[in-house]
Novice: 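Please find one structure pasted underneath; my questions will follow.
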Amino acid sequence: MTKRLGKDFYENKTLKVAQNLLGKFLVRKIGNRVIAAKIIETEAYCGPKDRASHASRGRTERTKIMFGPAGQAYVYLIYGMYYCLNVVTEKDGYPAAVLIRALEYSKADGPGKLCRELKIDKKLNAVNLTKNDKLWLEDRGEVIKPSQIERSPRIGVDYAGEWKDKPWRFVIKSN
DNA sequence: AGATTGATCCAT
DNA sequence: TGGATCAATCTG
């Protein structure tokens with residue numbers, strides 16, 4: 001059973017989507033080559049008050065995508081050298097997204113390397129993951145039980161004050 | 001621990 | 001318009 005995730009999957013509470021994404025497959029089509037890899041690590045960025053989220057400083061040219069409807073890709077450049085891939089969640093108007101941090105594929109552990117391996121760059125920013133033929137997500141029937149999920153604080157957000165310790169990072173155990 | 005690297009954001 | 005900042009990674 002293989003089914004592309006639709007808007008109903010993304011239009012949900014971000015913490016729930018972040019956990020549901022574990023075990024799903026990220027599919028990237030480059031020319032005639034198709035790469036599919038299981039998602040094993042995610043992080044949730046929730047709402048305008050989450051200081052770790054780019055959206056916490058309000059709607060800007062870069063972050064407006066996070067305020068948009070669920071099911072779009074949010075791709076941005078960080079530290080001048082690496083791209084990070086997020087998927088937008090929740091209702092149109094509410095800024096939230098899930099960062100895809102690692103895949104069970106080659107050396108794609110870490111959001112920067114992941115995007116390098118899959119050739120994800122700014123051209124894929126704002127694409128609709130439910131419709132386009134270059135990048136999308138699939139349910140291949142794998143079920144991840146809550147007991148297989150490990151929670152921990154998010155990476156690289158020490159500047160976020162009280163928000164930095166929230167256990168909003170999700171990893172499949174034994175990876 | 002330090003260097004890298006450049007788009008983005010906001011204010012000296 | 002300029003300077004500080006950064007959801008990272010590599011090298012030592």
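Naming: A, B, ... by sequence-line order, numbering from 1 per chain. Quick note: numbers below take in every heavy atom, side chains included, and nothing from hydrogens, waters or symmetry partners. This is a predicted model, so every value here is computed, not measured.
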Novice: Report the distance from atom CD of A:Glu61 to atom P of B:dC10, rounded to the nearest whole Å.
Specialist: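 Value for this atom pair: 13 Å.
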Novice: Output yes when at least one side-chain N/O atom of A:Lys164 is less than 4.0 Å from OP1 or OP2 of C:dA7, else no.
Specialist: no
Novice: Distance check needed: C:dA7 P versus A:Asp109 CG, whole Å only.
Specialist: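 Roughly 19 Å, once rounded to whole Å.
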Novice: Heavy atoms under 4.0 Å, any strand shown: does A:Gly112 hit a base, just sugar-phosphate, or nothing?
Specialist: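 Contact class for A:Gly112: sugar-phosphate only.
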Novice: Does a side chain donor of either A:Gln72 or A:Tyr74 reach within less than 3.5 Å of an acceptor in the other side chain?
Specialist: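 No - no donor-acceptor pair under 3.5 Å links their side chains.
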Novice: Tell me what A:Arg154 touches on the nucleic acid: a base, only sugar-phosphate, or nothing, going by heavy atoms under 4.0 Å.
Specialist: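 Contact class for A:Arg154: none.
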Novice: Give the nucleotide from the list C:dA7, B:dC9, C:dT9 with an atom nearest to the side chain of A:Lys113.
Specialist: C:dT9
Novice: Ignoring the backbone of A:Ile155, work out which of C:dA7, C:dA8, B:dG6 is nearest its side chain.
Specialist: C:dA8
Novice: How do A:Tyr82 and A:Gly58 order along DNA chain B: which one's closest nucleotide is nearer the 5' end?
Specialist: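 Nearest nucleotide further toward 5': that of A:Tyr82.
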Novice: Can you confirm whether A:Trp136 sits close enough to A:Val127 that some side-chain heavy atom of one is under 4.5 Å from a side-chain heavy atom of the other?
Specialist: no
Novice: Just compare B:dC10, C:dA7, C:dT9 and give me whichever is closest to any side-chain atom of A:Asn86.
Specialist: C:dA7
Novice: How long is the line joining OH of A:Tyr76 and C1' of C:dC6, in whole Å?
Specialist: 9 Å
Novice: Among the candidates C:dA7, B:dC10, B:dG6, find the nucleotide nearest to the side-chain atoms of A:Arg57.
Specialist: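 Closest of the options to the side chain of A:Arg57: B:dC10.
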Novice: Tell me the closest heavy-atom pair linking A:Phe9 and A:Lys24, and the distance in Å.
Specialist: CE1-CE, 4.0 Å
Novice: Whole-Å distance between C:dT9 P and A:Glu117 CD?
Specialist: 11 Å
Novice: Going by an N to O cut-off under 4.0 Å, is there a salt bridge joining A:Arg140 and A:Glu138?
Specialist: yes
Novice: When you measure from the side-chain N and O atoms of A:Arg62 to the phosphate of B:dC9, is any distance below 4.0 Å, counting only OP1 and OP2?
Specialist: yes
Novice: Which one, C:dA7, C:dT9, C:dC6, comes nearest to the side chain of A:Pro111?
Specialist: C:dT9
Novice: Between A:Ser152 and A:Arg169, is any side-chain donor less than 3.5 angstrom from a side-chain acceptor?
Specialist: yes
Novice: Can you tell me the pairing partner of C:dT5 across any strand shown, Watson-Crick or G-U wobble, with both distances under 3.5 angstrom?
Specialist: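 With both distances under 3.5 Å, C:dT5 matches B:dA7.
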Novice: Quickly work out the A:Asp50 CG to C:dA7 P distance and round it to whole Å.
Specialist: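 So the CG-P distance, A:Asp50 to C:dA7, works out to 11 Å.
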Novice: Round to a whole Å and report the spacing from CZ of A:Arg169 to C1' of C:dA7.
Specialist: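 The answer, rounded to whole Å, is 11 Å.
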Novice: State whether A:His54 places a side-chain N or O below 4.0 Å from either non-bridging phosphate oxygen (OP1 or OP2) of C:dA7.
Specialist: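 Checking C:dA7 against A:His54, a side-chain N or O does come within under 4.0 Å of OP1 or OP2.
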Novice: When you check the phosphate oxygens OP1 and OP2 of C:dT9, does a side-chain N or O of A:Arg116 lie under 4.0 Å from one of them?
Specialist: no
Novice: What is the distance, rounded to the nearest whole Å, between atom CE of A:Met81 and atom P of C:dT11?
Specialist: 12 Å
Novice: Taking only N and O in the side chain of A:Lys122, is any of them less than 4.0 Å away from OP1 or OP2 of B:dT8?
Specialist: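 Checking A:Lys122 against B:dT8: at least one side-chain N or O falls below 4.0 Å of OP1 or OP2.
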Novice: Verify whether one side chain among A:Thr63 and A:Thr60 offers a donor that lies under 3.5 Å from an acceptor in the other.
Specialist: yes
Novice: Could you tell me the separation between the CG atom of A:Leu21 and the C1' atom of C:dA7, rounded to a whole number of Å?
Specialist: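 Between C1' of C:dA7 and CG of A:Leu21: 16 Å.
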